[in-house]
Number of protein chains: 2
Amino acid sequence: MKSAAEQVTRGRPREFDPEEALSAALQVFWEKGYEGASLAELTDAMGITKPSLYACFGNKESLFHKALDLYERDKLCYMRSALDAPTARGVAERLLRGTLDIQTAGNDPRACLGVISMVACTTQAESIKADVLSRQASSHQALIERFARAKAEGDLPASVEPMALARYLSAVMQGMGVQASGGATRAQLEQLVETTLAMWPSA
Amino acid sequence: MKSAAEQVTRGRPREFDPEEALSAALQVFWEKGYEGASLAELTDAMGITKPSLYACFGNKESLFHKALDLYERDKLCYMRSALDAPTARGVAERLLRGTLDIQTAGNDPRACLGVISMVACTTQAESIKADVLSRQASSHQALIERFARAKAEGDLPASVEPMALARYLSAVMQGMGVQASGGATRAQLEQLVETTLAMWPSA
DNA sequence: TGCATTATATACCGATGAGTATGAAATCCG
DNA sequence: CGGATTTCATACTCATCGGTATATAATGCA
């Protein structure tokens, strides 16, 4: 039995792997942002022509949404596992270190794709921003609930507001992305992680 | 005696105020970013035509640098005054609240222009990024020195590294900008400021 | 071997990007 | 008034943007 992805096709077979092409597109979007990535750059990196891109992925916006799916699947999986840490501090540490790893994965550090999209998208790209926001809203909610649980378990001081703490931690991670975009070294970002953890509230 | 700005001119007098036009351009750059702001939008907001813009401000890049000058002069003056606060915590508080005020000044919150430029500029705009980076390098250095003094004065724990603390505080402010770009309300950003201050190390 | 179908490659579309050439209008100096 | 000079308004250039029309090549099916 063939997988759904390899179902029998009737016409000329496609000469590229959509997964690979999408991964290449993701790299371009990540490096240049949604509006900063041109179709010429995208098709060049993907190794396909514009008609192939449109036939396979729709249009530029639809391609970006699919790339964002891939990004979450490949890069942001640490998010879910971070919530399994036994303590709130452990959650924060896993999130910070996971963010650090993602941002320093390539040749030169760069912000999370979500941060780039949120800050950089201006004009017509309002739906892009909305997509990013809705995606991060759910994980943000999960983080709030995790901190609420930690508070109930006596793992966080009673004075701490879970929502505020989640927002604060997100801000540090986003700021780390900004600094990565600004050319900060991995060592400097590590220092930022350590400083943040040093200030983490203890029960 | 006429000021240098109103020196006797020999040809047809200019029909707009360069300061006002630059201020209008700054608003556009702030809202759209350097690459996101088109000359059509700029000239429209400035109330002048393209040839007037080029005659008075050079080109788009030079206009941006001048707008950045104005931005620092008008908006970032709180930076210097923040360093005069008696304690390191007071410095942090003034910086955080000053950042908050700037980001929530307009109709809807938005990040600091520097953050936007740093994250969003991709292609040819490398010199824009370099300009922003060099500007913030000096103020960052001043912040480090202020924290070093605070440490020497026993105002900060001996375990704190001034450079790390400065980087951390910058990250929180930058993260605040990202959240502002993402549609956070002023109340939410205030909460972020309070949370950060609550975690500030005490001597 | 045709035929329907699907993907490819090339060339193209209108819109918009930054930047400019050109001629008219408004001032100062003589 | 008559240049000299500077600004203004319109129209333009060329490159690139996202997106597409068209024709050809490669497959499965009959």
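- For A:Lys60, taking side-chain heavy atoms from C-beta onward, the closest of the listed nucleotides D:dC17, D:dG18, C:dA18 is D:dG18.
- Between B:Tyr54 atom OH and D:dT13 atom C1' there is a gap of 13 Å when expressed in whole angstrom units.
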Residues A:Lys151, A:Asp155; criterion salt bridge (Lys or Arg N to Asp or Glu O under 4.0 Å); working and verdict: CA-CA 5 Å; A:Lys151 187 177 169 183; A:Asp155 185 25; over 6 Å; no

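- You'll find that the side chain of B:Phe16 is closest to D:dC8, out of C:dA18, C:dT5, D:dC8.
- Within 4.0 Å (heavy atoms only), A:Pro13 reaches sugar-phosphate atoms of the nucleic acid but no base atom.
- Atom pair B:Met46:CE and C:dA18:P shows a separation of 13 Å (rounding to whole Å applied).
- Rounded to an integer number of Å, the gap from OH of A:Tyr34 to P of D:dC17 is 14 Å.
- Closest approach to the B:Pro51 side chain among C:dG17, C:dG19, D:dA9 is made by D:dA9 (side chain taken as heavy atoms from C-beta onward).
- Under a cutoff of 6.0 Å and an axis angle of 45°, A:Arg14 and A:Phe16 form a cation-pi pair.
- A donor and an acceptor atom sit less than 3.5 Å apart, one in the side chain of B:Arg12 and one in the base of D:dT7.
- Between B:Ile128 atom CD1 and C:dA18 atom P there is a gap of 12 Å when expressed in whole angstrom units.
- Place B:Asn59 and B:Glu15 on DNA chain C by their nearest nucleotides, and B:Asn59 ends up nearer the 5' end.
- Phosphate proximity of D:dG19 to A:Lys50: absent, as no side-chain N or O sits under 4.0 Å from OP1 or OP2.
- Taking side-chain N and O atoms only, A:Ser52 has a distance below 4.0 Å to OP1 or OP2 of C:dT8.
- With rounding to whole Å, A:Glu61 atom CD is found 14 Å from D:dG19 atom C1'.
- Remark: A:Lys129 is not positioned above the aromatic ring of A:Tyr34, lacking an NZ or CZ atom under 6.0 angstrom from the ring centre and at most 45 degrees off the axis.
- Judged by distance alone, the side chains of A:Gln179 and B:Gln174 do bring a donor and an acceptor atom under 3.5 Å apart.
- The shortest distance between the side-chain N/O atoms of A:Arg14 and the OP1/OP2 oxygens of C:dA7 is below 4.0 Å.
- Distance CG (A:Asp44) to P (D:dT16): 14 Å, rounded to an integer number of Å.
- Between A:Lys32 atom NZ and D:dC17 atom P the separation is 10 Å, expressed in whole Å.
- Here the CG atom belonging to A:Leu169 is positioned 11.0 Å from the OG1 atom belonging to B:Thr195, to the nearest 0.5 angstrom.
- Listed candidates were D:dT6, D:dA25, C:dA18. Nearest to the side chain of B:Ser38 is C:dA18.
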